[in-house]
Trainee: 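I'd like to ask you about the structure that follows.
Given the structure is predicted, the values throughout are model-derived calculations rather than measurements. All values below come from the heavy atoms of this structure, side chains included, with hydrogens, waters and symmetry mates left out. Order of appearance sets the numbers: ligands from 1, and atoms from 1 within every ligand.
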Amino acid sequence: MMIAIGCDHAAVELKNAILAHLEERGIPFADLGMEGDYPVMAEAVCRKITSGEASCGILLCGTGIGMSMAANKIRGIRAAACSDGYSARYTRLHNDANVLCMGARVIGSGLALELTDIFLDTPFEGGRHQRRVDLIKALEN
Ligand code: RB5
């Protein structure tokens with residue numbers, strides 16, 4: 001597992017907290033730093049995933065929403081802006097999300113670390129959800 005992670009100016013502290021947490025857990029990551037224009041960072045992180053260099057990504061901005069909007073423009077990316085554990089869990093189980101977006105102005109770092117763990121530790125359920133993920137992919141054409 002290799003995580004690509006990046007943020008904009010609104011989420012530098014939160015990114016540092018997540019990096020320390022990943023380090024503590026021994027999870028390898030590529031820190032792409034901070035970019036004030038969040039779509040630019042969203043693209044940089046997502047390209048690491050679509051190229052196969054990273055297995056998934058974490059994108060942080062003020063709300064998590066701008067990052068998720070930008071990331072979801074990229075073929076092969078399924079990004080979810082989450083601020084609760086249920087969504088973080090089910091976006092892995094049912095949507096096979098490959099990017100977790102969070103808002104540093106929406107949630108605190110304690111919850112963000114919890115959502116990170118849920119997202120990274122929950123596998124895709126497959127089965128009937130594979131067909132639906134395939135339908136999402138078909139929308140890219
Ligand atoms: C930056 O001020 C803010 O717009 C950005 O961090 C993010 O919340 C956008 O969705």
Side-chain angles (χ1 to χ4, degrees), residues 1-126 128-141:
M1 185 190 285
M2 162 64 79
I3 318 296
I5 181 167
C7 67
D8 77 357
H9 53 278
V12 174
E13 262 182 50
L14 180 57
K15 180 165 70 68
N16 288 337
I18 292 173
L19 293 183
H21 185 66
L22 293 176
E23 224 162 64
E24 212 169 276
R25 284 196 54 181
I27 297 173
F29 57 81
D31 176 15
L32 302 194
M34 187 278 279
E35 162 58 53
D37 292 327
Y38 59 83
V40 174
M41 178 52 74
E43 179 176 18
V45 163
C46 292
R47 296 288 177 218
K48 289 277 177 201
I49 299 167
T50 56
S51 70
E53 291 167 81
S55 40
C56 63
I58 298 176
L59 284 168
L60 309 163
C61 63
T63 59
I65 294 172
M67 284 292 196
S68 67
M69 285 181 167
N72 279 317
K73 296 289 181 195
I74 296 172
R75 179 179 293 271
I77 295 301
R78 288 174 304 283
C82 295
S83 51
D84 67 277
Y86 187 89
S87 301
R89 178 169 153 76
Y90 276 84
T91 201
R92 286 291 309 128
L93 285 172
H94 288 187
N95 315 131
D96 197 18
N98 51 11
V99 178
L100 172 65
C101 302
M102 293 182 285
R105 295 172 180 164
V106 179
I107 61 173
S109 61
L111 179 54
L113 299 187
E114 212 171 297
L115 301 190
T116 298
D117 285 343
I118 292 169
F119 187 85
L120 298 181
D121 297 342
T122 305
F124 176 47
E125 204 173 281
R128 68 186 192 281
H129 301 293
Q130 184 60 63
R131 191 178 61 83
R132 292 164 184 163
V133 169
D134 289 343
L135 287 169
I136 294 176
K137 289 181 184 164
L139 295 173
E140 293 174 341
N141 300 316

Trainee: Which of the atoms of ligand 1 are close to D8, meaning less than 4.0 Å from one of its heavy atoms?
Mentor: 1 (C), 5 (C), 6 (O)
Trainee: Give me the nearest non-hydrogen protein atom to atom 2 (O) of ligand 1 as residue plus atom name, then the distance to 0.1 Å.
Mentor: R105 NH1, 3.3 Å
Trainee: State which residues pass side chain to side chain donor-acceptor pair (under 3.5 Å) with D37; sequence neighbours excluded, sorted by chain then number.
Mentor: none
Trainee: Is Y38 close to ligand 1, meaning an N/O of one under 3.5 Å from an N/O of the other?
Mentor: no
Trainee: Is atom CD of Q130 surrounded by more than 12 heavy atoms (other residues, nucleotides or ligands) closer than 6.0 Å?
Mentor: yes
Trainee: Just jot down the ligand 1 atoms closer than 4.0 angstrom to any heavy atom of A10, in number order.
Mentor: 6 (O)
Trainee: Report, in ascending order of atom number, the atoms of ligand 1 lying under 4.0 Å from any heavy atom of H9.
Mentor: 1 (C), 2 (O)
Trainee: Decide whether an N or O pair under 3.5 Å exists between G66 and ligand 1.
Mentor: yes
Trainee: Could you report the tightest heavy-atom contact between P123 and D121, atom names first, then the distance?
Mentor: CD-O, 3.6 Å
Trainee: Between D84 (side chain only) and Y86 (backbone N and O only), is there a donor and an acceptor less than 3.5 Å apart?
Mentor: yes
Trainee: Donor-acceptor check, side chain of S51 to backbone of K48, threshold 3.5 angstrom: yes or no?
Mentor: yes
Trainee: Does ligand 1 have any atom that is closer than 4.0 Å to a heavy atom of M69?
Mentor: no
Trainee: Check each atom of ligand 1 against the heavy atoms of C61 and keep those under 4.0 Å away; list them by number with element.
Mentor: 6 (O), 7 (C), 8 (O), 9 (C), 10 (O)
Trainee: Mind checking whether T63 contacts ligand 1 via backbone (N, CA, C, O), side chain (CB onward), both or neither, at a 4.0 Å heavy-atom cut-off?
Mentor: both
Trainee: Start with the C-alpha gap between R75 and N141, add the side-chain angles, then the distance that decides, and say whether side chain to side chain contact (heavy atoms under 4.5 Å, CB included) holds.
Mentor: CA-CA 9 Å; R75 179 179 293 271; N141 300 316; 3.3 Å; yes
Trainee: Listed by chain and number, what are the side chain to side chain donor-acceptor pair (under 3.5 Å) partners of N16, not counting sequence neighbours?
Mentor: none
Trainee: Which atoms of ligand 1 have any heavy atom of G62 under 4.0 Å away?
Mentor: 5 (C), 6 (O), 7 (C), 8 (O)
